[in-house]
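Note sheet for the following structure.
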Amino acid sequence: QVQLVESGGGSVQAGGSLRLSCAASRSSFRINVMGWYRQAPGKQRELVATITSLGRTNYADSVAGRFTISRDNAKNTALLQMNSLKPEDTAVYYCNAAGVTLLTFTPADYWGQGTQVTVSS
């Protein structure tokens, strides 16, 4: 079992910045991909950004150029730097960790509890 603890959400005015942090507890689980997803009221959860253990990143078109995802493999943490925030970025942001168990190489993924990001115009 992996626990993901998120922090860094809050309220900001349009054009401002926030940084989200996700810390994964250590366990017999190899994390391959860490990512951030978000869910706005009345909408489905959507991908924001992902990063592999080799540092390859992927961004949703809506955040490319404004958000930056980074990762510290040694500390099992992932950061999401969000700049030039817009009201449409308002959502609950969830951290995700996907990988395999070390003993059986069984694929699994885990989710954080979510952190609220509110951007006012």
Side-chain angles (χ1 to χ4, degrees):
Q1 188 76 11
V2 175
Q3 289 186 328
L4 301 177
V5 179
E6 300 143 338
S7 62
S11 297
V12 67
Q13 289 190 329
S17 298
L18 285 172
R19 188 174 71 171
L20 304 183
S21 176
C22 175
S25 61
R26 294 195 176 275
S27 68
S28 56
F29 179 77
R30 185 179 73 194
I31 299 175
N32 292 329
V33 182
M34 295 190 77
W36 290 94
Y37 293 73
R38 68 187 181 186
Q39 187 167 19
K43 295 187 177 181
Q44 291 187 334
R45 190 174 297 188
E46 63 177 4
L47 178 146
V48 175
T50 59
I51 184 168
T52 71
S53 57
L54 297 179
R56 293 181 179 177
T57 58
N58 180 50
Y59 295 94
D61 290 343
S62 59
V63 307
R66 299 187 297 121
F67 292 10
T68 302
I69 189 170
S70 59
R71 177 173 173 175
D72 185 332
N73 291 329
K75 296 181 179 179
N76 273 355
T77 59
L79 300 177
L80 184 69
Q81 179 66 42
M82 305 184 294
N83 298 328
S84 301
L85 282 161
K86 304 175 181 180
E88 50 263 44
D89 294 319
T90 296
V92 177
Y93 283 69
Y94 297 90
C95 179
N96 174 268
V100 296
T101 58
L102 293 177
L103 290 178
T104 62
F105 297 101
T106 302
D109 71 310
Y110 298 93
W111 293 90
Q113 78 284 359
T115 185
Q116 177 70 46
V117 171
T118 302
V119 184
S120 58
S121 58

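What you see below is based on every heavy atom in this structure, not just the backbone, and it leaves out hydrogens, waters and symmetry mates. We number each residue from 1, following the sequence as shown.
In this structure the side chain of R56 never reaches within 4.5 angstrom of the side chain of T50, judged on heavy atoms. Within the 4.5 Å cutoff, the side chain of W111 has no heavy atoms near those of the C95 side chain. Counting only heavy atoms from C-beta outward, the side chains of Y93 and E6 never approach each other to under 4.5 Å. Contact of the V63 side chain with the M82 side chain is not registered, since no non-hydrogen atoms from C-beta on lie closer than 4.5 Å.
Side chain of S84 to backbone of R66: no donor-acceptor contact under 3.5 angstrom is found. With T90 contributing its side chain and V119 its backbone, the two residues share a donor-acceptor pair below 3.5 Å.
Atoms OH and CG, on Y59 and L47 in that order, are 11.0 Å from each other to the nearest 0.5 Å. Interatomic distance, OG1 of T106 versus CZ of F29, reported as 10.0 Å (0.5 Å rounding). Atom OG1 of T52 and atom CG of N58 lie 10.5 Å apart (nearest 0.5 Å). Distance CZ/F67 to CG/L20: 8.0 Å, rounded to 0.5 Å. To the nearest 0.5 Å, the span separating OG1 on T68 from CG on N83 amounts to 6.5 Å. Expressed to the nearest 0.5 Å, how far CG of L18 lies from CG of D89 amounts to 10.0 Å.
Hydrophobic cluster membership is shared by V12 and V117, with clusters built from Ile, Leu, Val, Met, Phe, Trp and Tyr side chains linked at under 4.5 angstrom. Both I69 and L85 belong to a common hydrophobic cluster when Ile, Leu, Val, Met, Phe, Trp and Tyr are linked at side-chain heavy-atom distances under 4.5 angstrom. In the hydrophobic clustering of ILVMFWY residues, with side-chain heavy atoms under 4.5 Å counting as a link, Y110 and M34 come out together.
There is no side-chain donor-acceptor pair under 3.5 Å between S53 and N32.
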Verdict with supporting geometry, R71 and N73, side chain to side chain donor-acceptor pair (under 3.5 Å): CA-CA 6 Å; R71 177 173 173 175; N73 291 329; 2.6 Å; yes
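The side-chain contact (heavy atoms from CB on, under 4.5 Å) search around A23 returns T77, not counting sequence neighbours. Listed by chain and number, the residues in a side-chain hydrogen bond (donor to acceptor under 3.5 Å, both in side chains) with R19 amount to none (sequence neighbours excluded).
Each of K86, R38, E88 was scored for a side chain to side chain contact (heavy atoms under 4.5 Å, CB included) with S62, with one residue passing: R38.
The two residues L102 and R30 come nearest to each other via the heavy atoms CD2-CB, 3.5 Å. Heavy atoms only, all atoms of each residue included: W36 and A78 are closest at CZ2-O, 3.9 Å.
Summarising the local packing, CD of Q39 is surrounded by more than 12 heavy atoms from other residues, nucleotides or ligands at distances under 6.0 Å.
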